[in-house]
Amino acid sequence: MRTLRPGRALQYAALAAVVLAADLPLLWILCTAVKPDQEIIAYPPTFLPHEITLDNFRTLFEISSFGTYLGNSLIVAACSTLLVVVLGTCAAYALVRFRIPGLRWVGELSLFAYLVPPILVLVPVSQLVARFGLANNLAALVVIYTATLLPFALWTLRSYFHGLTVELEDAAMVDGCTRFGAFVRVVLPQSVPGMVATAVFAFNAAWSEYLFASTLMADPEKLTLSPGLSLLMDQTSVYSWGVLMAAALIVVAPVLVLFVFVQKFLVGGIGQGAVK
Amino acid sequence: MKTVNATPRRGLSDRTLGTLMLLPALALLLVFAVHPFLASVFDSFFHVDFLTREHTFLGLDNYRRLWDDPATRGAFGRSVLWVAGNVVVQAVAGVALALLLNAGLKGQTLARGLVLFPYVVPAVVAAMVFRFAFNDTSGMAGYVLRTLGLSDSLVNPFADPATVLAALVAVNCWKYVPFIVIVVLARLQTLPGELREAAALDGAGRFGVFRHVTLPWIAPALVVAMLMRTIWTAYDVDLPYLLSGGGPMDTSTTVPLEIRKLAFADQDLGAASALAVCVAILLVAGARLYLRAYRASEDATG
């Protein structure tokens with residue numbers, strides 16, 4: 001076997017250290033979530049659990065409204081993801097393929113909107129929501145998330161459509177398809193990887209959002225995960241760290257799974273275009 | 001731009017269809033980005049009653065009041081430290097890490113995935129695990145630091161005025177270094193091998209190759225990534241608010257937290273809008289500097 005050069009060995013050591021630094025906190029969540037309480041408060045602390053239990057998860061759902069937060073977040077994230085992908089795909093296609101006066105201007109507007117920070121629009125948006133009587137209504141979050149995530153979706157999907165050839169669309173239209181028919185039957189099937197990537201990003205952002213959710217949803221029944229968890233965290237005297245880490249695990253697990261999934265999907269998606 | 005030939009066909013005209021496809025997105029952008037942006041600028045010149053929304057014109061009074069307020073000045077100082085600390089650490093660590101993940105080590109693909117995980121972790125989860133790890137009774141991090149003799153303090157770093165800002169920067173970097181890594185790695189994939197070989201043949205050492213070939217190549221992408229991180233970090237509320245709530249005694253209240261406090265705790269919507277506008281102006285100025293650096297780096301790579 002080849003011996004490792006000292007420089008190479010150092011690189012491996014650095015790589016191991018970096019992976020540990022990135023992932024130990026996540027492992028720490030998992031380990032604590034399945035530990036019994038007496039082991040969590042023991043000093044010196046243990047890392048790996050000596051005894052595995054699901055009590056923390058049971059307690060979480062029994063004594064807190066975590067189930068409600070989870071349901072609200074699922075509804076809000078799913079609806080806004082769907083809207084972002086549908087509206088974003090249509091708009092991005094129009095921006096790339098049509099020559100209508102003012103289109104350039106819309107493209108620049110979306111770049112501007114991408115850089116407008118949430119804290120700047122927080123006050124006017126909350127007034128708007130109140131005026132429409134949508135305070136404490138999950139629909140308000142869906143609409144706001146859709147609007148704030150659209151610029152990113154437009155950005156990603158536009159560059160995706162730029163990479164697709166127009167020949168197949170032309171052929172479909174020569175064969176009697178309407179323009180919209182060609183869009184649905186020819187363009188959309190080729191765009192799945194771009195749409196999936198956009199959807200994963202949008203879902204993650206909506207699932208994690210804190211600022212708007214914590215400002216606009218005052219009713220405890222309407223809280224989503226981020227403000228809900230923040231509320232639980234400030235009541236650590238009521239909830240043990242084990243219960244909180246169980247909640248953290250449930251919140252972080254789906255986004256990590258989606259991330260792993262989309263990494264593979266994107267690699268698989270490249271080269272699956274209709275024209276080789 | 002490619003457009004489809006105007007062959008006569010069934011269905012809506014391109015113009016009608018395009019407008020219909022674009023309209024919902026355009027409406028949302030106008031209502032939730034353009035309108036609130038303009039409303040913020042407008043409100044900054046008024047006293048706005050929190051309940052009745054009644055506007056009383058004040059001219060530049062909100063701005064003058066903020067200028068004289070030590071709380072604003074303190075918040076600006078902390079924001080500068082917060083943004084500079086984050087962007088510098090993330091750029092340096094991000095580039096170093098991207099090079100390491102591109103060095104052809106065994107297990108590189110797996111390591112890339114593992115290192116990028118923190119980027120998708122929700123802020124509230126990051127806040128929870130770091131508050132737990134550093135809590136003063138059963139915290140693992142404090143125990144490890146004490147065992148290694150690196151710290152003899154029992155105090156949680158998020159509750160100590162001397163360390164809170166540095167601790168916030170550290171957690172934020174944990175979450176956002178991967179963003180720089182993603183951008184730089186993508187750019188490194190396109191670095192032509194001949195460029196490096198030519199430099200190596202010319203007798204450049206490893207550092208020479210980095211300095212004269214790799215760094216100029218990744219510079220444009222890095223500058224854009226740093227611009228985005230600067231803007232988003234300057235406006236970030238989530239991690240600072242969830243980790244320390246701006247405390248202890250406002251020692252971690254950055255400008256966005258101050259804006260939120262002005263708007264919802266003090267119910268002073270005019271002042272909150274004025275402060276938001278000030279930051280927007282400063283950031284536009286900052287963005288121009290980055291764009292100049294971007295053009296310079298683009299020219300250098302040709």
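Each chain gets a letter, A, B and so on, in the order the sequences are listed, and its residues count up from 1. Predicted, not measured: the structure shown is a model, and the values here were computed from it.
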State whether the side chain of [X] and the backbone N or O of [Y] hold a donor-acceptor pair below 3.5 Å, judged by distance alone.
| X | Y | answer |
| --- | --- | --- |
| S40(B) | L120(A) | yes |
| Y93(A) | L22(B) | no |
| W174(B) | A22(A) | yes |

ask   = Taking the six-membered ring for Trp, are the ring centroids of F112(A) and F37(B) within less than 6.0 Å of each other?
value =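 Yes - the distance between ring centres of F112(A) and F37(B) falls below the 6.0 Å cut-off.
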Which atoms of [X] approach chain A - backbone, side chain, both or neither, heavy atom under 4.5 Å:
| X | result |
| --- | --- |
| I231(B) | side chain |
| L30(B) | side chain |
| Y241(B) | side chain |
| D43(B) | side chain |
| F42(B) | neither |
| L29(B) | side chain |

ask   = Taking side chain as C-beta onward, heavy atoms only, is T148(A) less than 4.5 Å from F32(B)?
value =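 Result no, sub-4.5 Å side-chain heavy-atom pair not found.
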request  = Taking the side chain as every heavy atom from C-beta outward, state whether F264(B) and L122(A) have any atom pair closer than 4.5 Å.
outcome  =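 Touching, per the 4.5 Å side-chain cut-off.
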When K175(B), R131(B), M228(B) are compared by non-hydrogen pairs under 4.5 Å with chain A, the top option =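 Ranked by contacts with chain A, first place is R131(B).
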key: Geometric class of the Y114(A)/W232(B) ring pair [parallel <30°, tilted 30-60°, perpendicular >60°]   =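 Rings of W232(B) and Y114(A): perpendicular, over 60°.
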query = What residues, two or more places apart in sequence or in another chain, satisfy side-chain hydrogen bond (donor to acceptor under 3.5 Å, both in side chains) together with S214(A)?
reply =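 R260(B).
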